Asker: 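Just dropping this structure here.
Residue numbers start from 1 in every chain, and the chains themselves are labelled A, B, ... in the order their sequence lines are given, proteins ahead of strands. The structure displayed is predicted, hence computed values, not measured ones.
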Amino acid sequence: MSQPSDHPPHDQFLRLYAEHEVALHTFVRSMLPTREEASEVMQEVIVILWQKFSHVEDFRPWAFGVARLAALRHLERRKRDRHVFDSELVHQLADESAAMTERHSDQREALESCLQKLPATQRELVLMAYAKGTRMDELATRRGQTPMALYKLLHRIRQALLECVRRTLTQEEPI
Amino acid sequence: MNRDWHDFIQRYIAGTLSDEQALVLQNGLKCDKDLRALYLDYMNLDVALGSHAESRDAVNEFLTSPMAGEASCSTLWLSWRPLAAAAAGIVLGILCTSVVFAYVGPSLGSVMTLLDDGFESGPAPLVTAMPVVPGVWSGDSMEGVGEQQGVKPASGKKMLRLLRADYEGKTSSEPTAVADIYRLIDVRPWRQEFADGSAVVQFSAGFNAFAFTRGESYQCKMYVQAFDEETVTNGSLRVGKTRNDRELSIASTGRTMLDRNPATWQFAKGELLLPPETDFLMIHIAVKRAPQLPPTSSFAGHYLDDVHLTLRRRPLF
């Protein structure tokens, strides 16, 4: 049986992982076609990070490196899918995503106020669409819409949200 | 930018691009840096909306639990689904069995309310900068008010209005653009609940304003600092209005911009991992006017409501 001293300090790992989790998730998402695949790869990433944590000096670049490799391995298994970009572009997107963590953190902070600016029905719809277990075809049926009509409505809402968070960032001054 | 790119990227997110469209998007991304930035912003939004939906599900579960209706300033222990349950579950599995498994259900946690203030009652706020005793709001000039200037309280009948960015005894006559308010919370009675370093403090506040003119802008932010007893009781906290650098730890919400719609409240939230040696928490809420306006310490109609702090334990392994 392993002793407590055989394991790296778990509270230190949790603090570091919690600090970088969202940025890592966005980084992985930037490389993969779907949210579900990004979540799947993130589960793999945390396992690797935990297993190898005791030998690491600088957590952030190491964690991003682990995440990149895990995403690339996943893409290799899916390379025939038209939604998988070629390797050169994937690396380019990964590099630029890693350089945008602060901007993306600011955008996430602005998202709450932008969600509040949406009409309540649109806000409810977009959060329902992102709720765990939601199936878009079932959601469309419940709303009396075709799936295509629902997708188009969600496209408009997401575009409005993105334009709002981008606009918010251009107006901000730091406190 | 060509509006079609928004549609292409969103079709990519939805998995509905045709072969030809996928190739067009790929070639566009390779050549156009702005398009790559747009794509990455959409991916960030995609992840963030998923997190928001998850958070809302967790809050709804909390609010519909049998004990939710009894929540107040008194101590209350509840169980609910933590937001980072997947990560905690996987790490727990590794430590216990050396076999990797994916987290598939809620993990245990308990929640205690440290502060739940809608400004419906309680002592009048002091105007004496940073407080030295717990249980009272203090800082710059402010007062409890009901509905006014088209702004209704976020909940109940009352809210806090910020009046001026100065306080009794302020020595400088220079107008300032930041209104600060503070509240001290004594967490010593709950020391045993976080003595093992496993607790987090989750905090949030609501902000609103009258329909101020275009060209003005206001940012809001909430900080929570952890202090030990000696720092709080030896007078070193009273360093004018500035934050104190003797804190054990500090966390803040993001910067929240006020919109010009009095009907909508903007909410900011954050989380602090609580050091085991903490004796007190200091809440600091700041509202800042954009610096390009003429300097004045007055705030014409800016409001605060629904300030919440909860203490939550995460299971140790």
Asker: Residues in ring-ring contact (aromatic ring centres under 6.0 Å, His included) with Phe212(B), at least two apart?
Answerer: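 Here the qualifying residues are Tyr218(B).
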Asker: Show the numbers, then the answer: is there a side chain to side chain contact (heavy atoms under 4.5 Å, CB included) between His155(A) and Arg158(A)?
Answerer: CA-CA 5 Å; His155(A) 285 199; Arg158(A) 267 198 294 247; 3.7 Å; yes
Asker: Which value, rounded to the nearest 0.5 Å, describes the distance between Thr26(A) atom OG1 and Met100(A) atom CE?
Answerer: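 So the gap between those two atoms works out to 10.5 Å.
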Asker: Could you pull out the closest heavy-atom pair between Ala110(A) and Val165(A), with the gap in Å?
Answerer: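 Here Ala110(A) and Val165(A) meet closest at C-CG1, 4.0 Å.
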Asker: Between Ser249(B) and Leu272(B), what is the shortest heavy-atom contact and its length?
Answerer: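 That closest heavy-atom pairing would be OG-CD1, 3.2 Å.
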Asker: With a 4.5 Å cut-off on heavy-atom pairs, point out which of Asp259(B), Val47(B), Asn44(B), Leu40(B) contacts chain A the most.
Answerer: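 The candidate making the most pairs under 4.5 Å is Asn44(B).
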Asker: Start with the C-alpha gap between Leu258(B) and His302(B), add the side-chain angles, then the distance that decides, and say whether side chain to side chain contact (heavy atoms under 4.5 Å, CB included) holds.
Answerer: CA-CA 9 Å; Leu258(B) 288 179; His302(B) 300 78; 3.8 Å; yes
Asker: Distance check, rounded to the nearest 0.5 Å: Gln266(B) atom CD versus Leu115(A) atom CG?
Answerer: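 Gln266(B) CD to Leu115(A) CG: 11.5 Å, rounded to 0.5 Å.
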Asker: Given heavy-atom pairs under 4.5 angstrom as the criterion, report whether the side chain, backbone, both or neither of Lys117(A) touches chain B.
Answerer: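 For Lys117(A), the side chain is the part near chain B, not the backbone.
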Asker: Could you tell me which portion of Ala268(B) (side chain, backbone, both or neither) has an atom closer than 4.5 angstrom to a non-hydrogen atom of chain A?
Answerer: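 Nothing of Ala268(B), per the 4.5 Å heavy-atom cut-off to chain A.
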Asker: Mind checking which of residues 27-39 of chain A sit less than 4.5 Å from chain B, heavy atom to heavy atom?
Answerer: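 From residues 27-39 of chain A, the residues near chain B are Arg29(A), Ser30(A), Leu32(A), Pro33(A), Arg35(A).
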Asker: Which of residues 60-71 of chain A have a heavy atom under 4.5 Å from any heavy atom of chain B?
Answerer: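 Under the 4.5 Å heavy-atom cut-off, nothing qualifies.
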Asker: Can you say whether Asn261(B) sits under 4.5 Å from chain A via the side chain, the backbone, both, or neither, judging by heavy atoms?
Answerer: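 For Asn261(B), no heavy atom lies under 4.5 Å from chain A.
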Asker: Chain B: which of His104(A), Glu112(A), Arg156(A) shares the most heavy-atom pairs with it under 4.5 Å?
Answerer: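 Going by pairs under 4.5 Å, I would pick His104(A).
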Asker: Do Arg289(B) and Phe299(B) meet the cation-pi criteria used here (NZ or CZ under 6.0 Å from the six-membered ring centre, within 45° of the axis)?
Answerer: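 Ring-cation test returns yes.
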Asker: His25(A), Arg103(A), Gln116(A), Gln107(A): which one forms the most heavy-atom pairs within less than 4.5 Å of chain B?
Answerer: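 Of His25(A), Arg103(A), Gln116(A), Gln107(A), Gln107(A) has the most heavy-atom pairs under 4.5 Å with chain B.
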Asker: So does Arg11(B) pair up with Asp7(B), basic N to acidic O under 4.0 Å?
Answerer: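 Yes, Arg11(B) and Asp7(B) are salt-bridged.
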Asker: Taking all non-hydrogen atoms of both residues, which atom of Leu304(B) and which atom of Ala205(B) are closest, and how far apart?
Answerer: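 Where Leu304(B) meets Ala205(B) most closely, the heavy atoms are CD1-CB, 3.9 Å.
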Asker: Between Thr134(A), Asp86(A), Leu154(A), which has the largest tally of heavy atom pairs under 4.5 Å with chain B?
Answerer: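 Ranked by contacts with chain B, first place is Asp86(A).
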Asker: Run the ring-ring contact (aromatic ring centres under 6.0 Å, His included) test against Phe203(B) and tell me which residues pass, sequence neighbours left out.
Answerer: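 Checked Phe203(B) against ring-ring contact (aromatic ring centres under 6.0 Å, His included); zero matches.
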Asker: For Thr101(A) and Ala98(A), work out which heavy atoms get closest and say how close.
Answerer: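 For Thr101(A) versus Ala98(A), the nearest heavy atoms are CG2-O, 3.5 Å.
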Asker: Between Glu40(A) and chain B, with a heavy-atom cut-off of 4.5 Å, which part of the residue counts as in contact: side chain, backbone, both or neither?
Answerer: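 Contact with chain B: none, neither part.
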Asker: If the threshold is 4.0 Å, N to carboxylate O, is there a salt bridge linking Glu96(A) and Lys33(B)?
Answerer: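 A salt bridge is absent here (no side-chain N lies under 4.0 Å from a carboxylate O).
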Asker: Name the member of Phe207(B), Phe267(B), Tyr42(B) that forms the most heavy-atom pairs with chain A at distances under 4.5 Å.
Answerer: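 Sorted descending by pairs with chain A, the first entry is Tyr42(B).
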Asker: Picking from Leu49(B), Thr253(B), Leu29(B), which has the most non-hydrogen pairs under 4.5 angstrom with chain A?
Answerer: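 Most heavy-atom pairs under 4.5 Å with chain A: Leu49(B).
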Asker: Over all heavy atoms of both residues, which pair between Leu25(B) and Tyr12(B) is shortest? Give the atoms and the distance, please.
Answerer: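 The answer is CD2-CB, 3.9 Å.
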